[in-house]
Amino acid sequence: MLAVAYAFPDVLVFACAALLILVGAIGVIAMKNPVHSALSLIMCLLGVALTFLAQRADFLAAAEIIVYAGAIVVLFLFVIMFLGVDKTQHPHVEPLVGQRWLAGVGVTVTVAGLITLMANSHWVSGVLSVSTGGTALAGGAGNITQLGDSVFTTYLLAFEATAGLLIIAVVGAVLLARRERPLDLDLDLDDEVEGEPSPAPDDDHGTMTPGDLVTDAATPREVSS
Amino acid sequence: MNHVAPLILVFPLVGFLLVLLNGRSLSNRFVGALATGVVALSFVASVVALVLLLHDRAREVNVQLFTWISVDTLHVPVALLVDPLSVTMCLFVTGISALIHLYSTAYMKGETDFRKFFLYLNLFVFSMLTLVLANNLVLTFVGWEGVGVCSYWLVSFYFDREAAASAGKKAFIYNRVGDVGLLVAMFLIFTHTHTLTYQGIFSSTSLLSPTVATLIVLALLLAATGKSAQIPLFNWLPDAMEGPTPVSALIHAATMVTAGVYLLVRMSPVLALSSSGRMSIAVIGGVTAFVAATIACAQKDIKKVLAFSTVSQIGYMVLAVGVGAYGAAIFLMVSHAFFKALLFLGSGSVIHSLGGEQDMRKMGGLAKWLPLTFPTFLIGWLTISGVPPFAGFWSKGDVLTNVFAHDKVLWALGVVTAILTAYYMSRLFVLTFRGSERFREVTHQHDPHESSLVMTIPLLVLATLSVLGGLLDLPWAHGFSLTDFLDPTFGFVAATPTQSTVLQTGLAIVDVAAALVGLAAAFTIWRHRVESPRFEPAFLEHVWYWDDAYDAVLARPLERAARVSNDVVEDRVIDGAVEGLGGSMRRSGEGMRKLQSGMVRQYAVAMVLGVTIIVIYLVGRVR
Amino acid sequence: MTIPASWYLILAALLFGIGAFGVLTRRSALIMFMCIELMLNAVNVTFVTFARSMSDIGGQTIVFFVMVVAAAEVTVGLGIVVAVFRRRASTSVDELSELQG
Amino acid sequence: MHSSLWLSALIMLPLLGALVAMLVRRREGASYAVAVVVGVIEVALSLAVATMYSSHVASAQSFDFYSRHVISAPLGLAYDVALDGLSLLMVVLTALVLLLSLLGGRDQRREPAFVSWLLILTGLTMGSFVAHDVLEFFVFFELTLVPCYFIISGWGGAERARAALKFFLYTFTASAFLLVGILYMGFAYQHQHGGALTFAYGALATTTLSHSTAVWLFVAFAIAFGAKAPIWPLHTWSPLTYAEAPTAGSIELSALLAKLGSYGLLRFAVGLLPLAQVSVRPYMLTLAVVGILYGSILACVAKDLKRFVAYSSLAQMSFITLGVMSGSTIGVTGAVLLMFNHGVITIGFFLIIGFLERRRSSIAITDFRGLQRPAPVLAALFTVTMLASIGLPGLSGFVSEYLILIGTFTTHAWWAAVASLGVLASAVYLLWAYQRVFHGRAEGANADVPDASTAERWVLVPVVVLIVVLGVFPKPVLDRITPSVHTLVTQVAPVGATK
Amino acid sequence: MIATAGTLHVSIHYLVILPVLILFGASLVLLIASAMWRRTVPTAVTTATTLAASLAVLVVTYFQWRCLDKSGPSSTVAHAVVLDGFSVVATAVIALSVAMAALVAHDWAVRENVRGAEYSILALASSAGAVLMTQANDLVVIFLGLEILSLGLYVLVAIDRRKGESAEAALKYFILGGFASAIFIYGAALVYGATGSTNISSVSYFLGSNVVLHPGLLYAGGALLLVGFAFKIAAVPFHMWSPDVYEGAPTPVTGFMASIVKVGAFAALIRVMISGLGTQLATWRPIFWVLIILTTVGGALLALPQRNAKRLLAYSSINHAGFILVGVWAGTVLGNAATLFYLATYAPTVVATFAIVTLMGGLGDERHSLESYRGLARRQPWLGASLAVLLLSQLGAPLTAGFYAKYSVLAAAVDSGGVALALVALLSAAIAASFYLRWTVVLYAEPDDEIDVSRVVVPRGTALVIGVGVGLTLLLGVWPGPLAALAQHATVYFTP
């Protein structure tokens with residue numbers, strides 16, 4: 001095993017990545033506790049980052065860890081904590097008849113089918129290097145340069161569009177997460193412009209949540225539901 | 001001729017229209033006079049036409065009026081054919097009609113629908129004349145149907161009575177069955193000859209193959225059985241007696257019912273092409289004559305007896321046609337018109353005198369109370385019984401002689417029928433005029449009274465005609481007889497075997513014997529009796545259960561079929577399929593709705609399964 | 001030895017499948033989101049693998065966009081979950097079936 | 001060749017009339033007056049057109065009043081009108097139906113909305129009959145459903161909603177086949193001849209189609225038109241709908257709109273697919289014969305008068321189908337004539353039934369008895385109508401029925417022979433119904449039924465006059481129909497007999 | 001289509017992306033205004049801004065069309081977006097829908113006393129996404145456009161936070177939308193692997209110049225992309241979100257969503273499946289075929305038992321989606337033109353319909369049972385007649401735009417040999433007719449005394465929207481020529 005790893009370091013890397021990914025992914029769907037799921041997700045994402053590294057996508061590997069593991073999963077965890085999420089759910093109990101069975105068969109057949117189809121094409125059939133004009137992918141700093149070039153040329157519009165996407169996401173999150181004030185839905189962006197959702201307390205259920213700590217005390221309003 | 005022939009038609013039509021359009025403003029008297037007058041004028045015109053025709057060497061005149069239908073190869077003109085046959089028919093139709101119109105003015109007096117009666121009657125005369133004078137089958141059909149519908153109206157004249165209404169309907173529908181035959185005959189003829197005028201058809205008979213000709217003849221026979229009340233369509237006629245008695249006399253004895261015979265005679269050149277067809281006609285006629293005669297022996301209603309007697313007599317005519325004795329058929333038709341009209345009007349007079357009673361068991365001994373009706377009726381009775389020298393003897397004898405030449409069995413049947421005829425007519429006569437007076441209960445102890453002069457004059461005229469009718473066609477008067485006059489019309493007649501005078505005389509003796517046997521038997525049996533189950537078997541009284549058979553075989557199954565069609569086929573099968581389709585759509589909508597459970601994960605599964613199917617399809621495609 | 005692209009692609013497909021299965025079987029909206037993240041990551045792996053196979057930087061660039069989308073989606077998604085949680089104190093999607101039929 | 005403005009006027013006048021009727025709806029009776037005026041003008045116009053129509057116009061198709069304007073080339077949409085012997089009578093009938101159903105309808109049916117719908121329906125039906133472009137025809141044909149739907153569902157009987165829906169869905173579904181068929185022909189033509197998409201009648205007639213395709217198209221057309229006509233077994237909407245519709249609605253439906261079905265069958269199925277029709281003829285004829293007998297049988301057991309007329313109409317319309325499919329000039333001419341005659345006769349029937357309903361608030365046959373005594377004029381009018389329907393010679397029904405039967409006999413003897421039984425059957429059910437309603441002793445409410453009022457008599461006068469005149473002297477009409485029919489029928493001369 | 005790698009200069013034809021910029025810019029302006037403004041931004045201002053922006057877009061599309069006429073279709077920003085007739089017309093339709101929906105939403109907000117700019121901000125941003133989809137020439141751009149559109153809608157659906165359904169609908173929409181997005185982008189990845197690019201021009205160029213002997217990867221990618229679109233347009237069996245979302249969302253949002261999502265998604269669908277992967281049309285057709293049958297028939301059948309107006313319209317829109325797919329199935333110029341024609345007629349119709357439904361919903365937006373429409377046409381003839389016309393148009397009655405819409409897609413299908421398809425679709429329309437008619441009957445039925453028969457107040461803005469919707473429906477029904485010609489003309493420029 002070790003010998004194999006020594007002889008083919010790439011295989012070792014791949015094996016590690018695959019292990020991380022699959023175990024992490026299965027963890028996400030199998031864990032009872034959402035927090036555990038989130039942690040499994042991090043594991044999975046680390047594996048994904050590893051595959052990126054192994055495939056000369058150094059920058060993306062870094063971004064994967066920073067954006068996903070660093071921001072997104074943290075966001076998840078934050079919300080989980082914030083909502084004090086119920087742990088009563090048993091992933092092993094399926095209320096919908098046949099759901100799991102259908103899902104299993106459907107997904108398995110689909111994935112198998114997709115793999116078959118991919119194999120039919122010898123895995124890749126596209127032309128080489130449309131955007132880099134045939135030059136090989138660079139690693140390290142070169143990778144960043146290439147990415148930068150690409151973003152500001154071929155994908156300039158997409159890049160700009162992501163800006164819009166983020167803005168709308170922010171606005172949306174802000175709107176959604178505020179407390180219910182049915183007759184007055186104006187935006188108070190002053191203190192929420194940074195894009196983090198500002199969770200509001202859940203007064204309906206009388207539970208003390210972390211959200212209460214960030215309630216805008218400066219603008220006390222009557223609580224209504 | 002071009003002016004006279006249309007006039008024959010126009011007079012009754014004018015009468016009809018005048019009454020139709022001004023009915024309310026005209027008095028009953030005027031309407032009666034008008035209706036009678038126009039028919040009389042029509043008779044005059046017919047006489048003129050006869051005179052003109054006699055001066056016409058061709059003995060055939062075509063009067064074109066206007067084009068009725070003209071499409072592609074189908075040309076139907078409104079045109080009249082004046083030839084010996086049509087003129088003969090016109091004469092006796094208009095003549096008898098005029099008499100019966102006259103009779104009716106008195107008979108129908110006091111009826112609420114007096115005007116309507118004459119309206120129908122005039123229209124009937126018009127239709128009958130159209131039938132007779134038409135120069136093509138389609139126009140004949142117009143008259144054919146016209147008389148049918150008038151008969152419908154007149155039979156159901158007392159529509160308040162359910163029986164009358166039903167009888168009218170029955171008459172029309174039975175006729176209609178025959179009409180289908182006439183239609184099919186026309187279709188066959190047109191398909192093969194591309195013409196429907198008589199002259200056109202007769203000049204292209206060579207285009208008709210024997211099979212087609214037989215089919216045509218059979219179709220025509222069906223038409224004739226309907227209109228002329230022959231087996232199997234004869235049993236509407238007795239029911240038609242629900243109509244007023246003059247109607248029975250005119251339509252259901254003298255004129256309309258002979259239209260079938262007329263049609264067959266008219267189509268004689270086509271009949272000539274099919275011997276099997278003619279044989280069928282003869283058999284139908286012979287059998288009908290016999291069967292109707294047997295039934296007449298057991299009827300209690302005076303008009304019913306006369307009705308079956310009519311059927312039987314027309315059977316003779318049809319028999320005559322079947323053996324190719326067209327002249328004899330027409331001769332019998334004319335003489336029958338005289339004596340049967342006489343008998344009906346006489347019976348009408350009797351009924352009238354008894355306040356509407358028709359049951360012979362409640363009559364008897366009327367001879368002394370009805371001094372004019374009795375002798376005229378006596379003449380009628382003797383005439384129909386075939387007693388010489390009255391018209392019936394000659395005409396029936398003519399028929400039987402011809403039949404004898406063709407088929408001995410049918411002749412025998414004819415003779416037996418003759419015996420029966422004499423028998424049942426005598427029975428009728430005895431029960432009505434002889435024996436004890438049984439009518440008191442009906443007349444509420446009043447004495448019966450003779451009818452007015454207006455009613456009896458026609459009786460007298462008809463009685464005269466019945467006596468003298470034989471002169472029209474005496475067997476030895478060759479060259480100046482009805483048959484000779486008519487001969488050109490028939491064109492080709494199946495050769496009548498010449499018969500020796502001895503044989504003819506022998507046959508005449510047989511006829512007389514038959515009549516006397518019938519008379520004697522009737523007098524013996526019925527002089528002292530009113531009812532006699534032995535001689536009135538139930539199956540005869542019930543018309544051989546003919547109606548019941550139709551009921552069982554046709555009417556009831558059809559009714560059941562209608563119910564089944566309505567309740568099962570229509571509601572459940574056809575509409576059921578439609579509604580079921582709609583229902584299944586609704587149900588499948590409801591069913592699919594259950595899948596729409598609100599469970600988001602199920603929605604996702606549906607999506608995945610959709611993807612799965614697409615992927616499977618694609619995998620299959622790359623393979 | 002260089003790992004063939006097929007290995008990565010199969011790995012990605014499996015990851016995608018696991019993610020999809022998770023979406024179908026987990027009732028917690030939060031975990032469903034995580035599963036969607038798994039699916040997106042499978043896409044990322046696929047892109048990167050293709051980018052390597054074809055020596056094309058485009059694939060890597062797209063991964064970048066996918067990450068942004070993922071982040072944006074999560075932001076909005078969690079906002080919705082919070083909104084729903086306010087009413088029901090549950091993140092289970094099975095309890096959301098008022099709208100149906 | 002006359003100006004097509006005449007036809008446009010015939011189409012537009014009722015539509016404008018509807019608009020005016022709605023505009024003046026606030027004034028009591030004004031809408032109705034407008035509608036009646038429009039109806040009178042429409043009848044006059046149609047008679048004028050009928051008089052002007054010359055059956056000897058130069059073109060081979062013998063179309064008159066022709067003109068074509070393309071509305072949208074990409075959609076293949078055009079305004080294209082023309083008149084020939086097939087549509088001439090239908091135009092007159094359309095105008096007549098409008099006027100008579102306006103005059104004969106019940107008083108409370110004189111609401112502005114009702115008369116507006118009626119006018120719209122007339123305009124659209126008129127459009128269908130003069131449309132010389134297949135797509136244009138379809139548009140009009142389909143559009144007629146809308147006013148019908150509103151008329152039935154707005155002013156019908158107790159089950160009006162169901163009846164209207166059933167009627168709409170039946171015809172709407174069936175017309176799906178028509179639209180697809182039309183499109184198929186249009187594109188087949190375009191693929192063969194290039195150029196813009198067109199549905200011009202003359203153009204489509206020249207499309208070359210394989211035999212099986214043509215047969216399929218014929219079947220599609222037959223379904224669409226068969227549901228409208230109706231042809232057995234696509235008729236089951238009609239009893240319900242006729243029974244539930246208001247009198248004017250029943251008149252429009254059976255006297256007029258049903259004719260759209262047989263007209264369409266003749267003009268488009270037979271006219272555009274002459275060779276296919278030879279193959280399907282036996283089947284269509286069989287359906288027609290079955291329809292004749294089936295309709296007659298069901299008419300015998302119908303429980304109310306409108307259903308009764310519905311089934312008798314099924315039988316009559318089947319006669320028309322028989323004639324249309326006969327493949328003989330005589331038969332087809334008879335069918336065209338019967339379309340008109342049946343229309344007139346049905347107007348008569350439904351008007352009288354409407355009068356009876358007004359008197360007794362019922363149309364159940366068992367509710368009537370012995371009406372001839374208290375209402376002799378009504379009975380007489382019914383009798384004339386009935387006898388025309390039975391096919392009594394001298395009245396209009398006979399000429400057409402006779403032509404159909406004899407024409408069919410020359411080409412398909414057996415079918416015609418069996419169909420002749422329909423002549424018998426019609427007598428059976430009509431007389432039976434007559435006996436039950438008018439004969440017998442009138443008692444109770446029936447004894448006090450008033451006879452036809454003067455107004456009612458005058459409404460029926462045109463019906464009776466047409467019945468008699470067309471029965472006695474149909475020649476001018478036949479002379480106008482025959483050339484067009486001949487052109488249509490002789491298209492198949494090489495294959496089928498033309499006699 | 002070779003990318004300009006190596007240089008950092010990207011030429012940008014601003015006219016092309018101006019509609020997106022305007023819409024997004026307006027959204028941003030409102031966002032900033034509401035952030036800066038101390039008080040709540042008056043609804044009138046936000047609505048006016050939305051209207052101004054969408055009208056500006058309409059004006060821009062006019063110039064775009066002029067530009068097209070002069071110099072033909074073109075692509076810009078490194079071929080990421082294109083200017084062609086299709087995108088121009090689709091953009092115009094979206095702009096019109098946005099304007100109409102804004103008016104409806106305005107009156108809704110006034111009635112419900114909802115203040116604030118969020119509807120306008122999100123609607124403008126979403127529509128920017130939709131416009132981006134119509135122009136996008138790159139799978140990634142389509143993906144981003146789709147996400148912008150969707151994220152905006154998720155939030156809009158949840159905007160009425162008084163109601164639990166609103167949030168429920170949003171969550172369902174979101175979960176399934178995210179799922180579908182993941183599938184879509186996976187498809188994009190596979191297509192990328194199969195062709196070497198995500199740019200549609202490049203993809204089509206690649207497929208046009210290479211014979212793909214082993215198209216498995218391409219097929220897989222295409223299929224997943226198709227599924228992504230099928231979800232957006234709510235094709236059966238990917239439709240299940242739509243009734244729930246239509247019902248749960250605030251009614252003006254539903255109308256907005258029903259129109260612009262369809263336009264954006266169908267535009268992108270055509271660009272991807274017909275323009276990009278059109279060489280494989282033979283492979284996609286059977287899938288479309290089945291989808292169409294399921295969608296048309298399923299939508300119609302599911303609508304039959306509905307008693308809720310919004311749900312009914314949701315299923316009806318599924319049925320319509322099936323019809324529009326018929327045009328896509330054809331895959332010809334005629335088919336594209338028909339699709340465009342359908343979208344252009346359907347969008348205003350459906351917005352106007354939902355405008356009336358919004359009105360009828362009453363305060364609280366809750367009265368949506370069909371029973372509440374009983375006798376409407378008798379109380380308020382114009383409103384009732386308008387709804388009747390709109391329903392008849394959706395039914396496909398002649399003399400309404402809906403007829404020619406259906407007609408044109410069916411014509412395209414028949415032209416391409418899809419007789420059976422056209423027939424099935426039409427028969428589904430017959431099924432659909434029954435529920436439209438049932439609704440119409442209710443409109444004209446005798447009012448039920450037990451139900452509140454208060455007159456519905458029709459505010460001017462909504463009245464205008466209804467007027468425009470009905471007017472267009474009737475105008476196009478009588479005179480479809482210009483739009484048909486435009487649609488036909490538009491697709492001439494289709495592929496750059």
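Lettering follows sequence order; numbering is per chain, from 1.
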Peer 1: Return one line per donor-acceptor pair between chain B and chain A under 3.5 Å, naming both atoms and the distance rounded to 0.1 Å.
Peer 2:
from, atom 1, to, atom 2, distance (Å)
B:Arg601, O, A:Gln99, NE2, 3.1
B:Arg601, NH1, A:Glu94, OE1, 3.1
B:Arg601, NH1, A:Glu94, OE2, 3.3
B:Arg601, NH2, A:Glu94, OE2, 2.9
B:Thr612, OG1, A:Gly106, O, 3.3
B:Thr612, OG1, A:Thr110, OG1, 2.7

Peer 1: Which heavy atom in A:Ala103 sits nearest to a heavy atom in B:Val605, and how many Å separate them?
Peer 2: CB-CG2, 4.4 Å
Peer 1: Apply the side-chain contact (heavy atoms from CB on, under 4.5 Å) test between B:Val608 and each candidate in A:Val109, A:Val107, A:Val105; give the one that qualifies.
Peer 2: A:Val107
Peer 1: Write out, in numerical order, the residues from residues 570-591 of chain B with a heavy atom short of 4.5 Å from a heavy atom in chain A.
Peer 2: none
Peer 1: Select one option (side chain, backbone, both, neither) describing which atoms of B:Leu618 are under 4.5 Å from chain A's heavy atoms.
Peer 2: both
